[in-house]
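Worksheet: one structure, shown below.
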Amino acid sequence: LASSGCGPGAARPGSGRATVPFHGEHQAGVATPTQDRLVFAAFDVTGSRAMVAAMLRRWTTAAERMTAGHPVGGSRDDSGDDPGEGEPLAPPVDTGEAAGLPPSRLTLTVGLGPSLFDGRFGLAARRPAALADLPPLPGDELDPARSGGDLCVQACADDPQVAFHAVRNLARIARGTAHLRWLQLGFGRTSTTSDTQSTPRNLMGFKDGTNNIHGEDTAAMNRFVWVAQTDQPWMAGGSYLVVRRIRMLIESWDRASLGEQERVVGRRKSTGAPLGRTREADRVDLTARDPDGDPVVPADAHIRLAAPAANGGERILRRGYSYTDGADPLTGELDAGLFFACFQRDPRRQFVPIQRRLGAHDAMTEYIKHTGSAVFACPPGLRPGQWWAQALLG
């Protein structure tokens with residue numbers, strides 16, 4: 001099997017006509033070189049277990065077609081130029097807004113939330129221990145309307161219309177079985193997941209994700225991202241996704257001095273180099289002291305507290321995006337920030353303790369607040385003929 005989105009057969013970033021293989025050992029959209037745009041949707045299920053299984057079969061078929069650049073349903077022309085209208089007296093089988101657009105490296109990644117295992121569908125005994133609701137974390141100001149969900153779909157592409165088209169059509173297919181709980185658009189990647197990519201900047205103006213895991217690092221992916229031994233065999237080869245909507249207090253940040261901003265992050269804003277070093281890729285020296293004996297990288301700097309050395313060696317694969325949702329109607333301030341997403345083998349050992357440390361001690365907490373949160377189990381990849389979560393629901 002090809003490894004979805006990484007290694008031989010992976011798409012070449014930057015080519016609008018490129019496709020990312022849908023089938024593989026792992027779902028695409030994890031190790032795949034991060035695309036430029038995101039549409040993330042969480043769904044609540046209202047139908048029966050049989051209806052959920054039928055929906056996921058239809059989702060899989062539609063995803064196979066859309067990621068290859070074809071319309072959702074049967075079409076006279078699989079070039080992608082025909083939206084696949086179907087019967088004149090029936091609604092179109094594809095909504096049509098992606099007709100004529102290239103695949104743009106579209107990936108669709110599906111996850112299952114803890115609430116799907118609450119007893120409605122006879123799945124309680126099949127819930128992995130690692131799929132637990134996130135505990136309350138320091139700094140949480142969570143909006144329930146932007147949190148949780150029975151299912152999720154992460155659509156990533158280099159064209160926002162291609163990504164939106166994919167989620168729109170899956171939501172249409174889901175009607176009567178599942179409905180949208182919340183949706184988030186992302187307009188700029190804030191991490192690099194491949195050796196082929198340069199480090200992007202987030203809305204604070206700093207390079208973000210310099211030391212992120214890359215998909216080409218098989219050893220790190222196997223150690224920190226892909227689930228191996230598990231209490232639920234249907235999750236072997238999958239990964240756990242944590243998403244957090246992190247609003248940046250842009251106006252306060254913009255009033256901070258350059259020196260303050262760099263001390264908060266622990267890097268130079270211009271180059272991305274760690275404080276005390278000269279190049280972005282230089283190793284972060286957490287032991288270095290200035291002439292006064294103070295740490296060169298402050299004790300509450302973000303990169304110090306997020307470093308593996310400060311977290312028992314644990315790492316996560318980050319795959320976040322910048323977002324903006326207009327202005328706060330009460331204050332007139334920008335509602336913008338980071339839609340943080342990370343994949344790991346076990347959020348209880350990785351994301352949760354890292355975030356506890358950050359939430360309690362990170363100087364950046366003065367300039368951000370966490371307004372949305374969710375965790376999902378993303379099953380392994382598929383062979384042709386299989387459908388998402390078949391080993392669980394089939």
Side-chain angles (χ1 to χ4, degrees), residues 3-8 10-11 13 20 24-36 38 105 107 109 111 130 154 156 186 188-202 206-230 235-244 246 265-267 272 274 280-284 286 302-321 338-355 357-358 375-378 380-381:
S3 178
S4 292
C6 185
V20 177
E25 182 180 0
H26 310 291
Q27 286 198 66
V30 182
T32 306
T34 311
Q35 302 95 316
D36 292 334
L38 166 79
R105 296 195 302 128
T107 57
T109 313
Q154 173 194 267
C156 299
R189 65 181 179 90
T190 60
S191 63
T192 173
T193 57
S194 171
D195 296 339
T196 65
Q197 296 179 310
S198 60
T199 310
R201 291 183 183 269
N202 59 29
F206 279 77
K207 291 192 173 186
D208 204 342
T210 296
N211 294 322
N212 196 30
I213 298 172
H214 287 181
E216 294 89 348
D217 188 345
T218 302
M221 293 295 294
N222 288 336
R223 179 179 177 186
F224 298 110
V225 180
W226 303 129
V227 174
Q229 295 182 350
T230 171
M235 262 301 289
S239 190
Y240 292 95
L241 168 62
V242 173
V243 295
R244 304 277 284 184
I246 304 174
V265 175
R267 292 186 179 274
E280 178 194 347
D282 287 345
R283 183 180 62 85
V284 180
L286 298 179
H302 182 76
I303 66 167
R304 176 183 288 275
L305 294 168
N311 294 284
E314 291 290 355
R315 302 174 67 189
I316 53 180
L317 186 152
R318 295 180 52 181
R319 198 182 171 87
Y321 286 83
L338 170 66
F339 186 73
F340 178 90
C342 66
F343 290 90
Q344 63 247 279
R345 293 182 68 173
D346 189 338
R348 300 169 302 172
R349 293 190 296 105
Q350 292 169 274
F351 173 79
V352 170
I354 292 172
Q355 182 54 38
R357 179 181 293 271
L358 289 170
V375 59
F376 300 96
C378 299

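Count residues from 1 along the sequence. Everything numeric in this text was worked out from a predicted model, so none of it was measured.
- Partner of Asn202 under the side chain to side chain contact (heavy atoms under 4.5 Å, CB included) criterion, chosen from Val265, Thr190, Leu338: Thr190.
- Side-chain contact of Thr109 with Gln27: a donor-acceptor pair under 3.5 Å is absent, judged by distance alone.
- In this view, Arg348 and Asp346 satisfy the salt bridge (charged side-chain N to carboxylate O under 4.0 Å, His left out) rule, not counting sequence neighbours.
- Nearest heavy-atom pair, Ser191 versus Pro200, reported as atom, atom and distance to 0.1 Å: N-CG, 3.4 Å.
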Subject >> Worked check of side chain to side chain contact (heavy atoms under 4.5 Å, CB included) between Gln350 and Phe343 >> reply: CA-CA 10 Å; Gln350 292 169 274; Phe343 290 90; over 6 Å; no
Subject >> Test log, rule side chain to side chain contact (heavy atoms under 4.5 Å, CB included), inputs Phe224 and Gln344 >> reply: CA-CA 6 Å; Phe224 298 110; Gln344 63 247 279; over 6 Å; no
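- Scored by the side chain to side chain contact (heavy atoms under 4.5 Å, CB included) test, Val227 finds Thr230, Met235, Tyr240 as partners (sequence neighbours excluded).
- For Arg345, the salt bridge (charged side-chain N to carboxylate O under 4.0 Å, His left out) test picks out no residue, with sequence neighbours left out.
- Under the ring-ring contact (aromatic ring centres under 6.0 Å, His included) criterion, Phe206 pairs with no residue at all, not counting sequence neighbours.
- Using cut-offs of 30° and 60° on the angle between ring planes, the pair Phe340 and Phe351 is tilted.
- Residues Leu38 and Cys156 share a closest heavy-atom pair of CD1-SG, 3.9 Å.
- Every salt bridge (charged side-chain N to carboxylate O under 4.0 Å, His left out) that Arg318 has, sequence neighbours left out, goes to Asp208.
- Atom CZ of Arg349 sits in a crowded spot, with more than 12 heavy atoms from other residues, nucleotides or ligands closer than 6.0 Å.
- We find the CD-CZ distance between Gln154 and Phe339 to be 8.5 Å, quoted to the nearest 0.5 Å.
- Between Leu317 and Met221 the shortest heavy-atom distance is CD1-SD, 3.4 Å.
- Considering CG of Asn212 and CZ of Arg319, their distance stands at 10.0 Å, rounded to 0.5 Å.
- Asn311 CG to Ile354 CD1: the interatomic distance, rounded to the nearest 0.5 Å, is 4.5 Å.
- Looking at residues two or more places apart in sequence or on another chain, you find a side chain to side chain contact (heavy atoms under 4.5 Å, CB included) between His214 and Thr192, Asp195, Glu216.
- Atom OG1 of Thr199 sits about 8.0 Å away from atom CZ of Arg267, to the nearest 0.5 Å.
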